[in-house]
Protein chains: 2
Amino acid sequence: MATGRTHRPATRSRGIPEATVARLPLYLRALTALSERSVPTVSSEELAAAAGVNSAKLRKDFSYLGSYGTRGVGYDVEYLVYQISRELGLTQDWPVVIVGIGNLGAALANYGGFASRGFRVAALIDADPAMAGKPVAGMPVQHTDELEKIIEENGVSIGVIATPAGAAQQVSERLIAAGVTSILNFAPTVLSVPDGVDVRKVDLSIELQILAFHEQRKAGEEAAAAAGSAGEPGTGAAESPAAPAASATATATATAAAAASGVRKGGPEGDVPAVMPA
Amino acid sequence: MATGRTHRPATRSRGIPEATVARLPLYLRALTALSERSVPTVSSEELAAAAGVNSAKLRKDFSYLGSYGTRGVGYDVEYLVYQISRELGLTQDWPVVIVGIGNLGAALANYGGFASRGFRVAALIDADPAMAGKPVAGMPVQHTDELEKIIEENGVSIGVIATPAGAAQQVSERLIAAGVTSILNFAPTVLSVPDGVDVRKVDLSIELQILAFHEQRKAGEEAAAAAGSAGEPGTGAAESPAAPAASATATATATAAAAASGVRKGGPEGDVPAVMPA
DNA sequence: ATGTCTTTGTGAACGCGTGCACAAAGATTG
DNA sequence: CAATCTTTGTGCACGCGTTCACAAAGACAT
């Protein structure tokens with residue numbers, strides 16, 4: 001999970017669970033693809049597969065929105081696209097500002113996924129005076145001094161922070177003071193904001209760290225399996241990698257290397273059922 | 001949640017809950033900051049505040065790792081940094097490849113948060129022959145043809161996909177066939193991968209959509225409050241923007257609006273069935 | 001109309017995650 | 001050594017989210 005909510009209690013606004021809200025964009029994306037292919041209806045099973053979720057979960061999610069399906073048939077694609085869009089608030093225009101136009105900020109400014117939904121980049125803002133006026137994604141970068149004016153004039157309520165960690169808190173305070181009530185934070189810092197302001201965060205390195213954890217675990221399990229169930233990770237401590245620290249690390253590394261070479265996967269094609277650990 | 005896991009059952013590897021694993025990087029970040037300020041120990045209360053979580057949750061999380069604290073004192077910063085790093089597998093070197101060197105790929109290549117943890121960008125790969133050889137983040141971009149060779153020679157087990165959506169599935173298959181077992185996917189697509197391969201996804205527009213939902217809700221609540229408790233949003237949904245009362249009328253109106261507004265792209269008109277729930 | 005077949009919508013059970021609250025453990029002081 | 005104080009580690013309860021499994025609803029055929 002690259003992200004998480006901050007502050008704000010449970011958000012069960014009018015009954016739609018947070019977990020469901022987080023999946024709606026997923027469904028919307030799958031539905032949009034179907035719509036472009038002029039598919040008129042989908043069953044929960046098909047749509048669930050396209051969105052990468054369980055069909056029962058999808059049906060329950062939709063049940064929170066209302067009864068938009070037809071039993072024995074499925075869901076009308078166009079209709080559902082509209083309903084979800086409306087529920088998510090994408091039928092209206094959301095001006096956003098991006099603060100911090102470094103590599104990431106520039107990438108975000110160029111990202112097509114924003115405009116295709118209801119989002120419009122109202123301004124790019126950077127603290128570096130040298131950046132001011134420079135065009136990024138066909139739009140001149142403006143200086144931080146203009147921040148308040150831009151937000152108020154454009155009625156911006158969503159801000160994206162792509163500054164270095166050190167500047168993020170201060171930027172968030174200025175955004176909030178100027179009227180922003182939702183922040184998407186890419187800076188690796190915990191933002192402290194008043195109640196009523198939503199913050200979602202995306203931390204690229206956190207995602208990688210989580211992958212590393214699972215990767216290490218996979219390597220460890222493989223090593224254990226290869227070693228022929230030596231000590232069996234005992235019930236007590238969770239220290240599979242702990243006990244013999246040195247050897248554990250060594251085996252893990254060795255296994256990783258082995259896996260990387262040719263040991264695993266002999267199949268040419270993708271769907272080979274993998275190694276199959278215990 | 002910018003991200004979510006795909007495939008792989010519950011991951012309760014040797015007892016560490018997934019939710020805890022997802023927070024370990026957060027703690028690590030806070031601890032690293034303390035370490036840089038040469039703070040010797042922290043209490044769960046202080047650290048929790050720095051990481052933006054509840055202190056009880058933090059203590060419970062740490063309890064899965066073992067008893068690393070001292071009652072009456074707190075946790076030794078350096079020791080905890082090491083323990084968490086080890087648990088996450090950051091004490092070893094993780095070579096990663098980034099596929100798709102567009103704006104986002106370039107931003108990722110330049111992102112400092114990778115190297116500062118145990119991650120090393122082994123190669124930048126792009127399908128565009130014109131990109132080949134061009135330096136990005138002080139490293140020459142290599143052509144997709146080299147993908148397999150690069151992965152095998154460097155023992156890469158983690159791949160980052162920053163390609164357009166259309167190319168992602170195919171890239172993932174090549175990565176996996178070459179030995180990659182963990183993928184961080186920035187492309188807005190659901191990847192289908194065999195068991196044993198971990199996929200985490202980050203979708204920037206999804207995050208914004210979730211914020212928009214809450215933003216809309218906030219606006220709706222404000223409006224409702226201002227309007228002096230009109231007629232309680234009916235069963236249908238939290239339809240803040242102009243909504244008739246009866247759900248039947250609402251759906252009919254909604255459908256008409258869908259056709260009228262530009263939500264849907266192409267597609268003939270007559271296909272909108274007057275669903276009509278009872 | 002009646003029956004069959006498909007697919008939705010949901011009640012109910014279950015499991016995970018969270019937070020409370022407190023006993024246990026150690027530091028510290030007298 | 002005893003008393004007190006601080007902070008950890010965790011048992012317990014609760015609520016959310018997920019999944020199963022099935023009745024209800026509608027399409028479709030006869």
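- One interatomic measurement links the two molecules: OH of B:Tyr27 to C1' of D:dT8, which rounds to 14 Å at whole-angstrom precision.
- Applying the ring-ring contact (aromatic ring centres under 6.0 Å, His included) test to residues at least two apart or on different chains, the pairs with a partner in residues 15-63 of chain A are A:Tyr27-A:Phe62, A:Phe62-A:Tyr75.
- Residue pairs that meet the ring-ring contact (aromatic ring centres under 6.0 Å, His included) test with at least one member in residues 31-56 of chain A, sequence neighbours left out, do not exist here.
- At the heavy-atom level, A:Tyr75 lies under 4.0 Å from the strands shown only through sugar-phosphate atoms.
- Residues A:Leu58 and A:Ser44 approach most closely at CD2-CB, 3.7 Å, considering heavy atoms.
- Regarding A:Glu18, its CD atom lies at a distance of 14 Å from the P atom of C:dT18, rounded to whole Å.
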Checklist outcome for this item: In 5'-to-3' order, the base (B), backbone-only (S) or no-contact (-) status of each nucleotide in nucleotides 20-30 of chain C, using a 4.0 angstrom heavy-atom cut-off, is BB--BB-S---

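- Within residues 36-48 of chain B, the residues having any heavy atom under 4.0 Å from DNA chain D are, by residue number, B:Ser43, B:Ser44.
- Of the side-chain N and O atoms in B:Tyr68, none sit less than 4.0 angstrom from OP1 or OP2 of D:dT7.
- Residue A:Leu80 contributes atom CG, which lies 11 Å from atom P of C:dT8 at whole-angstrom precision.
- Across D:dG9, C:dG17, D:dG17, the shortest atom-to-atom separation from the side chain of B:Pro17 is found for C:dG17.
- The nucleotide whose nearest atom lies closest to any side-chain atom of B:Ala19 is, among C:dT8, D:dT18, C:dG17, C:dG17.
- Per the geometry, NZ belonging to B:Lys57 stands 13 Å off C1' belonging to D:dG15, to the nearest Å.
- The structure places CG of A:Asp76 at 7.5 Å from OG1 of A:Thr70, a figure rounded to the nearest 0.5 Å.
- A:Ser205 is linked by a side chain to side chain contact (heavy atoms under 4.5 Å, CB included) to A:Asp203, A:Gln209, B:Tyr111, B:Phe114, B:Arg117, counting only residues two or more places apart in sequence or in another chain.
- Regarding A:Leu58, its CG atom lies at a distance of 16 Å from the P atom of D:dG17, rounded to whole Å.
- The salt bridge (Lys or Arg N to Asp or Glu O under 4.0 Å) search around B:Arg23 returns B:Asp61, not counting sequence neighbours.
- Looking at the side chain of B:Ser63, the nearest of the listed nucleotides C:dG17, C:dT18, D:dT10 is D:dT10.
- Place B:Ser67 and A:Thr20 on DNA chain D by their nearest nucleotides, and B:Ser67 ends up nearer the 5' end.
- In this structure, B:Asp61 atom CG and D:dT8 atom C1' are separated by 14 Å, rounded to whole Å.
- Residues satisfying the side chain to side chain contact (heavy atoms under 4.5 Å, CB included) test with B:Ser35, not counting sequence neighbours, are B:Val77, B:Glu78.
- Pairs engaging residues 46-56 of chain A under the salt bridge (Lys or Arg N to Asp or Glu O under 4.0 Å) rule: none recorded [sequence neighbours left out].
- Partners of B:Gln169 by side chain to side chain contact (heavy atoms under 4.5 Å, CB included), not counting sequence neighbours, listed by chain and number: B:Ser172, B:Glu173, B:Leu191, B:Ser192.
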